[in-house]
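Naming: A, B, ... by sequence-line order, numbering from 1 per chain. Side chains included, hydrogens not; waters and symmetry mates left out as well; all remaining heavy atoms used.
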2 protein chains.
Amino acid sequence: MARMVHERTDVIPLLAEIFRDLGYEGATLSRITERTGLGKGSLYHFFPGGKEDMAAVVLADVDAWFERSVFQPLRLEEPQRAIPAMWEAVDAYFHSGQRICLVGAFALDETRDRFSATIRGYFGRWIEALQDALLRAGRDKETAARDAEETVLAIQGALVLSRATGDEGLFARTLDRLRLRVAAA
Amino acid sequence: MARMVHERTDVIPLLAEIFRDLGYEGATLSRITERTGLGKGSLYHFFPGGKEDMAAVVLADVDAWFERSVFQPLRLEEPQRAIPAMWEAVDAYFHSGQRICLVGAFALDETRDRFSATIRGYFGRWIEALQDALLRAGRDKETAARDAEETVLAIQGALVLSRATGDEGLFARTLDRLRLRVAAA
DNA sequence: CCATTTTTGTACTGTTAGGTACAGAGTATC
DNA sequence: GATACTCTGTACCTAACAGTACAAAAATGG
């Protein structure tokens with residue numbers, strides 16, 4: 001009666017995409033079973049806490065990816081290497097603006113209240129790590145703080161505007177501008 | 001059996017705030033009746049199309065406000081007057097970042113599909129009107145296009161980041177930076 | 001190849017969703 | 001003050017919601 005192939009790890013990216021597309025409230029269990037191919041039995045086996053559990057695991061997964069692929073390099077590697085690597089990672093991760101930021105989307109509505117610590121931590125660590133890299137690249141404290149905040153903010157804004165206008169070039173254009181602005185000064 | 005006080009026009013801002021807080025899917029009819037004080041009878045009397053009708057009317061209302069208070073002035077008045085007026089209007093409208101942009105929020109999840117024309121129009125006209133004002137202020141076409149896009153994008157990003165981090169100063173800080181950047185060049 | 005554990009489908013729960021029907025109350029008009 | 005129209009509460013509908021129970025199946029592993 002079962003097919004027994006799925007691993008919990010394989011399901012997480014699928015769940016992430018579902019929450020991205022539909023939002024937390026819009027992601028109903030029937031749509032989750034539909035798009036993951038997993039029945040309720042399997043879903044509640046892997047995520048005993050139900051939908052909130054799934055979203056929490058997905059958020060933790062996203063957070064871990066950024067921590068490993070973006071924040072840590074910014075903190076530990078040479079800024080001259082880590083900052084360009086960030087542009088590449090961000091462009092790839094968000095599919096040049098075709099994919100939204102789940103953390104940002106959750107921040108906008110009441111879903112924020114369920115995951116406020118994770119959401120706050122994600123953005124806080126991103127800005128701090130970038131600020132740290134900019135400081136080590138020779139920027140003064142004020143400029144580094146300003147540019148770090150501006151960069152993360154512009155990435156989020158570009159994701160909103162990309163989805164709103166359907167302008168496929170907007171995200172890449174924004175990253176190019178940020179590259180120039182952050183490289184200068 | 002009835003109290004007969006409400007006007008349709010009075011309900012729209014309440015509905016707007018509800019959709020802002022809860023998102024389209026999160027705004028259930030029971031929460032709408034609860035927070036507006038109107039029963040289903042009244043709601044369906046004013047908005048025969050139900051929830052989708054309410055959201056459409058709210059979006060049209062938001063759009064009309066921006067058209068009248070921001071876009072039109074940018075197109076018709078002196079840029080030296082209209083652009084500073086835009087910063088003021090935006091700061092007041094979004095309560096210095098304490099209030100999100102409904103249009104931007106709807107753009108992120110599948111709600112976008114229901115209202116894509118309105119959403120696209122809102123951002124498109126905003127960017128175009130600002131670009132127009134910047135052109136008339138003496139900017140060349142390329143700079144005007146870039147600054148207009150960057151400005152609207154940064155406002156949206158600041159709203160996301162404000163809600164995510166709870167940093168109350170972020171929105172005002174961002175507007176100040178935009179003011180300087182747009183005034184220069 | 002048998003015992004145990006992990007994974008899965010199905011059936012079911014109570015609750016809430018959005019929406020409809022409609023009668024009655026309130027206001028207005030003449 | 002009878003008539004028409006606007007507004008509102010209540011009762012009700014079907015479908016979908018999140019979640020539970022559980023037994024059968026698949027893998028594991030000795």
Side-chain angles (χ1 to χ4, degrees), chain A residues 1-59 61 102 105-106 109-115, chain B residues 1-59 61 102 105-106 109-115:
Chain A
M1 197 172 248
R3 252 186 313 164
M4 178 94 196
V5 189
H6 293 103
E7 291 240 8
R8 205 180 105 114
T9 344
D10 302 330
V11 189
I12 297 171
L14 295 176
L15 289 174
E17 228 52 48
I18 294 168
F19 283 122
R20 260 187 268 264
D21 285 358
L22 311 175
Y24 182 78
E25 296 292 341
T28 66
L29 279 190
S30 64
R31 275 155 104 182
I32 294 173
T33 56
E34 189 183 298
R35 287 181 52 171
T36 57
L38 286 162
K40 285 193 178 187
S42 307
L43 285 171
Y44 276 88
H45 172 70
F46 290 132
F47 309 96
K51 205 166 93 160
E52 181 153 1
D53 196 357
M54 298 177 209
V57 169
V58 164
L59 276 182
D61 189 63
L102 190 61
F106 278 8
D109 63 30
E110 52 149 11
T111 312
R112 179 193 53 249
D113 302 338
R114 294 173 187 267
F115 309 109
Chain B
M1 200 173 246
R3 250 187 314 165
M4 176 95 192
V5 189
H6 293 104
E7 292 240 8
R8 204 180 105 115
T9 346
D10 302 330
V11 189
I12 298 171
L14 295 176
L15 289 174
E17 228 51 50
I18 295 168
F19 283 122
R20 261 186 267 265
D21 283 358
L22 311 174
Y24 183 78
E25 295 294 340
T28 66
L29 278 190
S30 64
R31 283 168 85 186
I32 293 173
T33 57
E34 189 184 296
R35 287 181 52 172
T36 57
L38 285 163
K40 285 191 180 188
S42 308
L43 285 172
Y44 276 87
H45 173 70
F46 290 131
F47 309 96
K51 205 168 93 161
E52 181 153 1
D53 197 359
M54 300 176 207
V57 168
V58 165
L59 277 182
D61 190 64
L102 189 60
F106 278 7
D109 62 31
E110 53 149 13
T111 311
R112 180 193 52 250
D113 302 337
R114 292 175 188 267
F115 309 108

Short side-chain N/O contact from [X] to OP1 or OP2 of [N], under 4.0 Å:
X	N	value
A:His45	C:dT8	no
B:Thr28	C:dA17	yes
B:Ser30	C:dA17	yes

Atom pair distance, as rounded to whole Å: [atom1] in [X] and [atom2] in [N]:
X	N	atom1	atom2	value
B:Met54	C:dA17	CE	C1'	13 Å
A:Ile32	D:dA16	CD1	C1'	14 Å
A:Lys51	D:dC17	NZ	C1'	9 Å
B:Glu34	C:dG18	CD	P	13 Å
A:Asp10	C:dT7	CG	P	12 Å
A:Arg31	C:dA17	CZ	C1'	14 Å
A:Asp53	D:dG19	CG	C1'	13 Å
A:Phe46	C:dG9	CZ	P	10 Å

Smallest separation among heavy atoms of B:Ile32 and B:Thr36, with atom names: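 For B:Ile32 and B:Thr36, the tightest heavy-atom pair comes out as O-OG1, 2.6 Å.
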Pair of N/O donor and acceptor under 3.5 Å linking C:dG9 base with A:Lys40 side chain: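 A donor-acceptor contact between them is absent.
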Cationic N near anionic O, under 4.0 Å, A:Glu17 to A:Arg20: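 Between A:Arg20 and A:Glu17 there is a salt bridge, with a charged N closer than 4.0 Å to a carboxylate O.
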Nearest-0.5 Å distance that lies between atom CG in B:Leu102 and atom CG in A:Asp109: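 CG of A:Asp109 is found 11.0 Å from CG of B:Leu102.
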Nucleotide of D:dT8, C:dT8, C:dG19 approaching B:Leu29 most closely (side-chain heavy atoms):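 Given the options D:dT8, C:dT8, C:dG19, the side chain of B:Leu29 is closest to C:dG19.
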From D:dT8, C:dT8, C:dT20, nucleotide with atom closest to A:Ser42 side chain: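 For A:Ser42, the side-chain atoms sit closest to C:dT8.
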Any donor-acceptor pair under 3.5 Å from B:Lys40 side chain to B:Leu29 backbone: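 Not a single qualifying donor-acceptor pair exists.
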Aromatic plane relationship, A:Phe19 with A:Tyr24 - under 30° parallel, 30 to 60° tilted, over 60° perpendicular: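 Rings of A:Tyr24 and A:Phe19: parallel, under 30°.
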